[in-house]
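Worksheet: the structure to be examined is printed underneath.
Every heavy atom of this structure was used, including side-chain atoms; hydrogens, water molecules and symmetry mates were not. Please read all numbers here as calculations on a predicted model, not as lab measurements.
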Amino acid sequence: MKHESIIVVYDSCQAMAEKIADKLGAETVSVQSMNSRQVENCQSFVLAVEFQTNGQMTPHWQYAFLTFREVSLKGKSFAVIVALWNKHDNGRVVKEFCDGLKGNGAHIVGDQLYVNTPNQSLDNWICAISPNL
């Protein structure tokens, strides 16, 4: 049974999002179909954020960020996994993204996980964030 208070939001990394959702008992939602009503009705989010090679968020994630700004995120928990990342960015855009969520009341759970980074395990990250979602 799906845990409706947790949504895993993804863009093109659906397989990874489904793996995370299976472990958390959550549902997956494409960032392209996410709307403000879902944000209002959900308590916790895992965001599989993707970036372009220039280090900027993809247009879908830029729009999603605006959707997150439309409603209060007070009391809502967010965990952020970076699916594609420009290593030259040093996490600046990710930090700005998370700071923007926090500025609207969100609680950021755990550290961000950068996929394909040595010494970081998706399973370990899920175990670390799951008690706080």
Requested in this report: Check each of Val49, Val31, Leu47 against Asp11 using the side chain to side chain contact (heavy atoms under 4.5 Å, CB included) test, and report the only one that passes.
Outcome: Val31

Query raised in the report: Can you tell if the side chain of Cys13 reaches within under 4.5 Å of the side chain of Glu50, non-hydrogen atoms only?
Result: yes

Requested in this report: Output, in order, the C-alpha distance, side-chain angles, deciding distance and verdict of side chain to side chain contact (heavy atoms under 4.5 Å, CB included) for Leu122 and Lys23.
Outcome: CA-CA 11 Å; Leu122 179 62; Lys23 291 184 180 283; over 6 Å; no

**Report entry** Sequence neighbours excluded, every pair satisfying ring pair (Phe, Tyr, Trp, His ring centres under 6.0 Å) that has a member inside residues 8-33
**Finding:** none

Requested in this report: Find the distance between CZ (Arg37) and OG1 (Thr67) and round it off to the nearest 0.5 Å.
Outcome: 14.0 Å

Query raised in the report: Can you find a heavy atom in the side chain of Leu73 that is under 4.5 Å from one in the side chain of Leu101?
Result: yes

Query raised in the report: Counting only N and O atoms by type, is there a donor-acceptor contact under 3.5 Å from the side chain of Lys76 to the main-chain atoms of Gly105?
Result: no

Query raised in the report: Any donor and acceptor pair, going by atom type alone, linking the side chain of Arg69 with main-chain N or O of Gly100 inside 3.5 Å?
Result: yes

Report task. Report yes if the side chains of Ile6 and Cys42 come closer than 4.5 Å at any heavy-atom pair, otherwise no. Result -> no

Report task. State, with a plain yes or no, whether a side-chain heavy atom of Ile81 is found less than 4.5 Å away from one of Ile20. Result -> yes

Query raised in the report: How many angstroms lie between atom CZ of Phe45 and atom CZ of Phe68, to the nearest 0.5 angstrom?
Result: 5.5 Å

Query raised in the report: Does Asp111 have any side chain to side chain contact (heavy atoms under 4.5 Å, CB included) partners at least two apart in sequence or in another chain, and if so, which?
Result: none

Query raised in the report: Sequence neighbours excluded, which residues qualify as salt bridge (Lys or Arg N to Asp or Glu O under 4.0 Å) partners of Asp99?
Result: Lys95, Lys102

Query raised in the report: Between Leu133 and Val46, is any pair of side-chain heavy atoms under 4.5 Å apart?
Result: yes

Report task. Measure the spacing between CD of Gln62 and CE of Met57 and express it to the nearest 0.5 Å. Result -> 5.5 Å

Query raised in the report: If we only count heavy atoms from C-beta on, is the Val8 to Glu27 side-chain gap below 4.5 Å?
Result: no

Requested in this report: Report the residues that fulfil salt bridge (Lys or Arg N to Asp or Glu O under 4.0 Å) with Lys19, sequence neighbours left out, ordered by chain and then residue number.
Outcome: none

Query raised in the report: Taking all atoms of both residues into account, what is the closest heavy-atom pair of Met34 and Ala64, and its distance?
Result: CE-CB, 3.7 Å

Query raised in the report: What is the minimum heavy-atom distance between His60 and Gln32, and which atoms define it?
Result: CE1-NE2, 3.0 Å

Query raised in the report: Any side-chain donor-acceptor pair under 3.5 Å between Gln43 and Ser77?
Result: no

Query - Spatial distance of atom OG1 (Thr28) from atom CG (Asp22) [nearest 0.5 Å] - result: 8.5 Å

Query - ring-ring contact (aromatic ring centres under 6.0 Å, His included) partners for Phe65, two or more places apart - result: Phe97

**Report entry** Shortest non-hydrogen separation from Val71 to Asn104 and the atoms involved
**Finding:** O-ND2, 2.6 Å

Query raised in the report: Are the side chain of Glu18 and the backbone N or O of Ala15 linked by a donor-acceptor pair below 3.5 Å?
Result: no

**Report entry** Contacts of Glu70 that satisfy salt bridge (Lys or Arg N to Asp or Glu O under 4.0 Å) - sequence neighbours left out
**Finding:** none

